[in-house]
Amino acid sequence: MRTVKSLNSVTKRYASHWADVKLAPPDKILGLTDAFKADTFPQKINLGVGAYRSDEGLPVVLPSVRLAEQRIMDKKMDKEYAPIAGVGSYLNLSLEFAYGADSVPLKEKRIAAVQTISGTGACRLAGEFIRKFVGQGRAIHVPNPTWGNHIAIFENAGLKPTYYPYYDSQHNTVDFKNLFDYVNKAEKEVFLLHACAHNPTGADPTKEQWQELSQLFKKKQHIALFDSAYQGFASGDPEKDAFALREFVRDGHQILLCQSFAKNFGLYGERAGVLSVVTESPEEAERVNSQLKVIVRPMYSNPPVHGARIVAEVLGDAALKTQWLGECHGMAERIGRMRHLLRSKLEAGNPDRSWKHITDQIGMFCFTGLSKEQVLRLRSEYHIYCTDDGRFSVAGITTKNVDYLAASVLAVTSGK
């Protein structure tokens with residue numbers, strides 16, 4: 001009896017070690033998915049999460065990916081740890097995919113690279129590398145707006161995200177004049193650039209504007225960090241989507257590049273990415289590579305192999321790569337069709353308002369121009385779920401729900 005009382009007093013005396021841990025707010029996008037799943041309305045639409053869907057609204061595994069996966073299984077490969085830098089064949093093929101087979105620094109072995117936990121992991125590693133070798137607390141200039149996770153990633157890496165003007169919400173296009181002026185006023189800074197299909201706006205600079213920026217970056221000695229999450233998925237043509245980063249490399253920039261194979265290969269859950277750094281020489285590349293591995297080792301030791309093996313199997317086989325190119329083009333084409341279909345229905349319902357930006361934009365997302373109030377009405381009254389800034393994931397639009405979507409958008413924009 002005395003022992004029981006003693007234990008009770010100890011329990012009362014010592015509170016939980018974690019009693020002061022506060023409940024974190026839910027992730028804005030994943031929280032939308034939870035709300036969507038809990039909604040019982042039959043015509044509900046999820047336009048929040050950036051993952052491709054078929055016209056039936058279902059997840060898609062590309063046939064080329066299935067075939068590659070089967071080939072890997074047939075080889076009865078082991079499950080040993082990958083090297084710290086990752087799967088070698090995957091890295092080589094990923095660099096060729098991004099920089100091009102004719103890339104001079106690639107041929108000269110001047111590109112350091114490590115496999116990462118998708119694009120998110122690539123951005124985090126880039127942030128850590130910049131903090132370590134450019135400066136703790138250094139500003140990293142990011143477009144306003146940018147992917148929401150960029151801010152937390154770079155803050156947690158010890159950098160200070162600072163917005164630069166990017167989007168003209170009045171005209172629904174890139175605010176190139178103010179962007180150019182901002183870059184011109186800065187000296188020797190680090191800038192995050194979206195390689196293609198800017199998230200969340202879908203608005204990209206033109207080729208001529210990219211060329212102007214490249215020359216300006218050179219003049220001002222800026223460091224360019226490219227985030228490339230949509231190569232091939234944006235336009236359906238991986239070569240076209242790589243224009244900006246290749247232009248910077250041709251102009252002699254020593255860029256950092258974050259790659260992801262989530263969208264273009266549909267490998268969302270496999271977390272296949274790459275961080276690469278263009279350097280001055282093979283010897284410098286070796287030194288950079290050694291430091292990247294030093295960052296990786298205490299963070300996650302080495303990357304997963306399965307997604308990397310799938311990408312390498314596809315890109316390393318001419319026939320399979322051709323098949324994948326067709327499938328990737330098909331995804332981009334469906335996204336384009338949904339953009340045109342939504343625009344045509346909105347214009348038919350309200351010809352006095354311009355909806356041209358819906359088809360001017362490119363990639364997974366459409367920045368609609370809807371206000372937060374209108375977005376909340378879509379959610380509460382019409383059971384349509386998108387982020388508060390009015391970003392639609394166009395992949396969630398189908399031939400079966402586009403009429404209801406258009407009618408709902410017209411209702412909230414007309415004030416009815």
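Numbers here are sequence positions counted from 1.
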Y268 ring centre to K263 NZ or CZ under 6.0 Å, with the angle to the axis within 45°?
no
Does this structure show an ion pair linking E155 with K160, if we count only N-O contacts that are shorter than 4.0 Å?
no
Taking 4.0 angstrom as the limit, do E128 and R124 come out as a salt bridge?
yes
Does the separation of the ring centres of W210 and F243 fall below 6.0 angstrom?
no
Note: E347-R343 ion pair, threshold 4.0 Å (strictly below):
yes
Against H383, only a single residue in T40, D39, N46 fulfils side chain to side chain donor-acceptor pair (under 3.5 Å); can you say which?
D39
Any chance the rings of F226 and F248 have centres within less than 6.0 Å?
yes
Near-ring test Y182/H141, centroid separation under 6.0 angstrom
yes
Between H171 and D168, is there a side-chain donor-acceptor contact under 3.5 Å, judged purely by atom types and distance?
yes
Could you go through V249 and L257, starting from their C-alpha distance and side-chain angles, then the distance that decides it, and tell me whether this counts as side-chain contact (heavy atoms from CB on, under 4.5 Å)?
CA-CA 11 Å; V249 173; L257 172 64; over 6 Å; no
From CG (D55) to OG1 (T398), nearest 0.5 Å
5.0 Å
Under a 3.5 Å threshold, yes or no: a donor from one side chain and an acceptor from the other, between D181 and N184?
no
Do D251 and Q215 have a side chain donor and acceptor closer than 3.5 Å?
yes
Does a salt bridge link R71 with D317, judged by any charged N lying under 4.0 Å from a carboxylate O?
yes
Decide, yes or no, whether a salt bridge links K372 with D389 under the criterion of side-chain N to carboxylate O below 4.0 Å.
no
Looking at CD of E80 and CG of N302, how far apart are the two atoms once the value is rounded to the nearest 0.5 Å?
10.5 Å
State, without any angle test, whether N199 and R391 hold a side-chain donor-acceptor pair at a distance under 3.5 Å.
yes
Between H306 and E69, a side-chain donor and acceptor under 3.5 Å:
yes
Can you name the closest pair of heavy atoms from E96 and L106 and give their distance?
CA-CD2, 3.7 Å
Proximity of W147 and Y230 rings by center, below 6.0 Å
no
Please determine whether a side-chain nitrogen of the Lys or Arg among R110 and E283 lies less than 4.0 Å from a carboxylate oxygen of the Asp or Glu.
no
One thing to verify: whether E189 and K220 come together as a salt bridge, which I'm taking to mean a side-chain N less than 4.0 angstrom from a carboxylate O.
no
Residue among Y166, F154, Y164 satisfying ring pair (Phe, Tyr, Trp, His ring centres under 6.0 Å) with F191
Y164
